[in-house]
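Contents: one structure, followed by commentary.
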Amino acid sequence: MKGETLLKTADLCDKHSEHLHICTTTFRSFGSIPAFYGPIRTVKVKDDNVLVLQALEDIPAGSVLVVDGEGSRQCALLGDRLAGIAADRKLAGVIIHGCVRDAAQLAQTNVGIFALGTMPKKSAKNGLGERDVPLSFGGITWTPGHFAYADEDGIVVSETALSL
């Protein structure tokens with residue numbers, strides 16, 4: 001959770017490697033908070049961000065929203081307006097297996113945001129996809145209720161909350 005004691009992913013790997021799943025996908029940091037952690041909530045979509053918005057509006061503060069956009073680079077699944085919702089609701093962060101837009105504004109937004117890259121085109125608004133389901137990308141499974149830890153070195157996932 002942002003603002004609390006920093007739990008570096010490298011230190012977590014040193015102490016808890018037998019309990020961690022390490023994401024093999026390289027993400028870029030876009031928000032003003034480069035390190036964050038919290039319980040995972042999930043959304044699976046393809047080039048459509050209606051469910052992303054719904055999740056941002058109702059998941060608990062301190063959560064990490066993990067969005068499987070199937071790695072698509074056809075459109076952005078999050079921009080400055082949705083990032084502002086995440087920050088206002090005090091979410092720990094958002095991890096998007098896809099793209100974002102409004103990168104300059106995201107860099108000023110008080111939330112952690114990891115994504116594959118940028119794309120200026122907005123997404124469709126059809127409401128297609130799934131929420132609160134296990135996701136698979138980056139060589140691991142992202143299960144709602146498990147914990148994601150993200151920083152400049154990468155992302156690790158644990159079934160339980162960790163400490164150093």
Side-chain angles (χ1 to χ4, degrees), residues 1-46 49 51-52 54-56 58-73 76-78 82-83 85-87 89-101 103 106-119 129-164:
M1 298 180 199
K2 62 186 182 187
E4 296 181 12
T5 304
L6 178 64
L7 295 173
K8 291 175 37 182
T9 57
D11 292 343
L12 291 171
C13 285
D14 290 350
K15 184 171 182 183
H16 300 285
S17 62
E18 67 280 1
H19 303 293
L20 292 178
H21 305 280
I22 301 169
C23 180
T24 58
T25 299
T26 302
F27 287 88
R28 289 176 48 198
S29 177
F30 290 94
S32 71
I33 298 177
F36 57 91
Y37 70 94
I40 294 171
R41 299 301 296 265
T42 65
V43 173
K44 182 172 180 58
V45 296
K46 177 73 184 283
N49 75 349
L51 295 182
V52 175
Q54 290 174 0
L56 291 171
D58 68 21
I59 65 174
S63 296
V64 174
L65 179 61
V66 179
V67 179
D68 184 359
E70 299 182 17
S72 173
R73 294 182 179 265
L77 295 175
L78 181 132
L82 271 59
I85 293 168
R89 296 209 54 253
K90 303 202 181 322
L91 300 186
V94 183
I95 299 169
I96 299 181
H97 188 228
C99 291
V100 297
R101 67 186 199 165
L106 298 184
Q108 303 301 313
T109 305
N110 193 30
V111 67
I113 302 169
F114 278 25
L116 297 178
T118 58
M119 164 54 83
E130 299 177 273
R131 282 187 61 185
D132 300 317
V133 296
L135 308 173
S136 294
F137 63 85
I140 63 174
T141 299
W142 308 78
T143 303
H146 289 187
F147 288 77
Y149 299 82
D151 66 14
E152 299 87 342
D153 290 330
I155 305 169
V156 299
V157 172
S158 171
E159 292 180 16
T160 60
L162 300 174
S163 62
L164 291 174

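- Taking CG of L77 as the reference point, atom CG of L82 lies at 9.5 Å (rounded to 0.5 Å).
- At least one donor-acceptor pair under 3.5 Å links the side chain of R89 to the backbone N or O of L56.
- Residue F36 forms a side-chain contact (heavy atoms from CB on, under 4.5 Å) with just one option from I95, I113, V94, L7, and that option is I95.
- Residues T42 and W142 come closest through the heavy atom pair CG2-O, 3.8 Å.
- Taking all atoms of both residues into account, the shortest heavy-atom contact from L12 to L20 is O-CD1, 3.5 Å.
- A donor-acceptor distance shorter than 3.5 angstrom exists from the side chain of D151 to the backbone of T9, with no hydrogens or angles considered.
- Sorted by first and then second residue, the salt bridge (Lys or Arg N to Asp or Glu O under 4.0 Å) pairs involving residues 64-73 (not counting sequence neighbours) are K44-D68, K44-E70, K46-E70.
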**OP:** Walk me through it: do I96 and F114 pass the test side chain to side chain contact (heavy atoms under 4.5 Å, CB included)?
**Re:** CA-CA 6 Å; I96 299 181; F114 278 25; over 6 Å; no

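- Listed here is the closest heavy atom pair of V43 and A55: CG2-CB, 3.7 Å.
- Put simply, CG on D11 and CG on L162 are 12.0 Å apart, with the number rounded to the nearest 0.5 Å.
- In this structure, the side chain of S32 engages the main chain of T109 through a donor-acceptor pair within 3.5 Å.
- Judged by distance alone, with hydrogens and angles left aside, the side-chain atoms of H16 form a donor-acceptor pair with the main-chain N or O of S163 at under 3.5 Å.
- Between T141 and S136, the shortest heavy-atom distance links the atoms OG1-OG, 3.7 Å.
- Separating the NE2 atom in H146 from the CD1 atom in I140 is a distance of 11.0 Å, to the nearest 0.5 Å.
- The nearest pair of heavy atoms linking F147 to E159 is CD1-O, 4.3 Å.
- Summarising the geometry, atom CD1 belonging to I40 is positioned 12.0 Å from atom CG belonging to D132; distances are rounded to the nearest 0.5 Å.
- The aromatic rings of Y149 and Y37 sit parallel, their planes meeting at an angle under 30°, below the 60° perpendicular limit.
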Subject >> Chi angles and distances behind the side chain to side chain contact (heavy atoms under 4.5 Å, CB included) call for V67, N49 >> reply: CA-CA 9 Å; V67 179; N49 75 349; over 6 Å; no

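- Closest of all the heavy-atom pairs between V111 and L91 is CG2-O, 3.5 Å.
- Atoms CD1 and CG, from I85 and L65 in turn, are 11.5 Å apart once rounded to the nearest 0.5 Å.
- Panel note: side chain S72, backbone G69; no donor-acceptor pair is recorded below 3.5 Å.
- Note that NE2 of H21 and OG1 of T143 are 7.5 Å apart. Values are rounded to the nearest 0.5 Å.
- A side-chain donor-acceptor contact under 3.5 Å links S158 to the backbone of T160.
- Other residues, nucleotides and ligands contribute more than 12 heavy atoms inside 6.0 Å of the NZ atom of K15.
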